[in-house]
Amino acid sequence: RRQLSDGAAVSSPDMPGALEECCAYFCTGLSVFGVLGLFFMGYTLKSGNHWFLGVSKEGADASAMACFYAGVIYAVYLFYCGAKVMSWSGKKGDGSEELMHSDV
């Protein structure tokens, strides 16, 4: 609990808020597409198809490396957000385990 300036007490939840959890799911999904897209573009540029993405032949190698580096950064972010989502899904305790093991 924390005190506001007017003396009212506000309790802070132990679990993350719905908005924070939603953002983590969104960022995880977005990172999957980011990693796949960036590695695809990097491979396309590296294999000599620079015309496909509108990059000059001189800048294709540098652009490919930039795509690969950005893909690695997205992969790290994907791992971080995915780990957060997995940790939250393990702490929910919504009783679904009990329903699976009950004799109904």
Inset, instruction - Kindly give the heavy-atom pair with the smallest separation between A24 and C81, and that separation in Å. - result: O-CB, 4.1 Å
Inset, instruction - Give a yes or no on whether L53 and F68 share a hydrophobic cluster (residues Ile, Leu, Val, Met, Phe, Trp, Tyr; joining criterion: side-chain heavy atoms under 4.5 Å apart). - result: yes
Legend entry - Rounded distance [0.5 Å steps], OG in S31 versus OH in Y80: 12.0 Å
Inset, instruction - Measure the CZ-SG distance between F40 and C67 for me, rounded to the nearest 0.5 Å. - result: 11.0 Å
Inset, instruction - For H50 and A60, indicate whether the former's side chain and the latter's backbone hold a donor-acceptor pair under 3.5 Å. - result: no
Legend entry - Shared hydrophobic cluster for I73 and M65 (ILVMFWY, side-chain gaps under 4.5 Å): no
Inset, instruction - For residues T44 and S47, report the shortest heavy-atom separation together with the two atoms involved. - result: O-OG, 3.1 Å
Inset, instruction - Return each pair, listed once, that meets side-chain hydrogen bond (donor to acceptor under 3.5 Å, both in side chains) where at least one residue sits in residues 54-75; pairs must be two or more places apart or across chains. - result: none
Inset, instruction - Answer with yes or no whether the hydrophobic clustering places V72 together with L38; edges join I, L, V, M, F, W, Y residues whose side-chain heavy atoms lie under 4.5 Å apart. - result: yes
Legend entry - Distance (rounded to the nearest 0.5 Å) between C23 SG and L30 CG: 11.5 Å
Inset, instruction - Quick one: pull up CZ in F79 and NZ in K84 and give me the separation to the nearest 0.5 Å. - result: 12.5 Å
Legend entry - Same cluster (ILVMFWY, side-chain, under 4.5 Å), V32 and Y77: no
